[in-house]
Asks: 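Okay, here's the structure, questions in a sec.
All chains are named by letter (A, B, ...) in the order of the sequence lines, taking the proteins before the strands, and each is independently numbered beginning at 1. Computation of the quantities below employed the complete heavy-atom set of this structure, encompassing side-chain atoms and omitting hydrogens, waters and symmetry-equivalent molecules.
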There are 2 protein chains.
Amino acid sequence: MMKNDVVQLLEEKHIKPSLHRIKILEYLMVHRNHPNVDMIYKAIGKEIPTLSKTTIYNTLKIFQESGIVQFLTVEENEVRFDATMQHHAHFRCVTCGAVHDIELSSKVFEMESVDGHRITGSQIYFFGHCRDCSQLRVIS
Amino acid sequence: MMKNDVVQLLEEKHIKPSLHRIKILEYLMVHRNHPNVDMIYKAIGKEIPTLSKTTIYNTLKIFQESGIVQFLTVEENEVRFDATMQHHAHFRCVTCGAVHDIELSSKVFEMESVDGHRITGSQIYFFGHCRDCSQLRVIS
DNA sequence: ATCATTGCAAACACTTTGCATACGC
DNA sequence: GCGTATGCAAAGTGTTTGCAATGAT
């Protein structure tokens with residue numbers, strides 16, 4: 001993921017590519033770790049000392065409204081962010097807290113309505129023990 | 001749903017059936033509206049004026065640990081509760097905020113592992129405009 | 001000069017915690 | 001009386017808001 005790709009994506013969506021916006025989107029595109037606001041803040045704050053969380057919140061909201069990122073409510077107490085918009089599920093490890101993308105060919109994603117309700121979006125969340133945490137458990 | 005059913009369920013799970021616990025579980029069983037804490041508080045508070053939200057939080061946590069209710073993170077800013085433990089999906093109307101149960105025969109619910117991660121639970125969430133809100137939109 | 005972006009601090013909302021009180025057996 | 005259940009108030013935490021300061025053209 002080159003910086004130019006990020007800039008181009010922002011321009012396509014008619015979002016002025018300011019330094020902050022580029023860095024935030026770049027972080028999401030490169031890491032793909034479904035961060036919360038604090039993770040982004042800690043990571044980018046090193047490069048941009050004056051960065052505020054308010055800007056991160058504002059920026060992510062703009063990104064969501066433009067369809068560049070989606071909000072994940074896979075945690076009870078905080079929102080996480082995902083710059084991958086293609087249909088996929090998410091797995092959250094209840095031990096280490098990591099969130100992984102899950103490629104899943106499910107008809108759920110293709111449903112346009114259910115019980116008379118018009119569907120505009122969907123999320124599939126899995127919970128459990130991730131590969132690494134399961135192995136640790138076996139060893140110990 | 002009779003009061004006796006609620007008491008019996010609590011006793012099965014070795015939870016002392018206090019008045020508060022009975023009322024809270026009864027509310028969940030009868031209404032099945034996936035309430036948040038405030039909805040429960042406002043509803044039951046009429047009958048039990050001294051009820052505190054702390055008790056509701058405590059009680060729901062006990063219920064969850066005993067497998068009587070599940071927590072839904074279908075909202076960005078609050079937790080909702082569901083006393084139906086059978087596999088099903090949820091639909092949240094982004095217009096009116098209502099959350100509906102969706103009966104869904106999906107293989108997603110039967111998966112025990114994915115990408116090497118051990119699955120212990122899953123949630124399927126749909127978002128969109130519910131039947132009522134869609135109709136209103138058509139009329140206006 | 002003007003308009004959008006950013007940042008600080010306060011406000012907000014939901015939830016948790018500590019500890020004192022009340023209740024049930 | 002003793003142990004649990006409950007409740008109040010305060011603290012904690014993630015997020016939003018108001019408004020001033022900064023930055024870009």
Asks: So, B/His100 versus A/His117, ring centres under 6.0 angstrom or not?
Replies: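 That pair passes the under 6.0 Å test.
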
Asks: Give a yes or no on this: more than 12 heavy atoms of other residues, nucleotides or ligands lie within 6.0 Å of atom CD of B/Glu112.
Replies: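 At most 12 heavy atoms, drawn from other residues, nucleotides or ligands, come within 6.0 Å of this atom.
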
Asks: When you check the side-chain N and O atoms of B/Gln123 and A/Gln123, is any donor under 3.5 Å from an acceptor?
Replies: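 Side-chain D/A pair, B/Gln123 to A/Gln123: absent.
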
Asks: Please work out which of the three classes, parallel, tilted or perpendicular, describes the rings of A/Tyr125 and A/His90, given edges at 30° and 60°.
Replies: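 Geometry flag for A/Tyr125 against A/His90: tilted rings.
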
Asks: Would you please say whether a donor-acceptor pair under 3.5 Å links the side chains of A/Thr55 and A/His20?
Replies: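 A/His20 and A/Thr55 do not have a side-chain donor-acceptor pair below 3.5 Å.
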
Asks: Thinking salt bridges, do A/Asp82 and A/Arg32 make one under a 4.0 Å N-O criterion?
Replies: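 The answer is no: the pair does not qualify as a salt bridge.
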
Asks: Could you write nucleotides 6-22 of chain C as a row of B, S and -, 5' to 3', where a protein heavy atom under 4.0 Å of any base atom gives B, of only sugar-phosphate atoms gives S, and otherwise -?
Replies: SBBB----SBBB-----

Asks: I need the single residue from A/Tyr41, A/Phe81, A/Phe63 that forms a side-chain contact (heavy atoms from CB on, under 4.5 Å) with A/Ile24. Which is it?
Replies: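 Filter result, single survivor: A/Phe63.
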
Asks: Where does the chain B footprint on DNA chain D start and end, counting 5' to 3' with a 4.0 Å heavy-atom cut-off?
Replies: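 Reading along DNA chain D, I get D/dA5 to D/dA9.
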
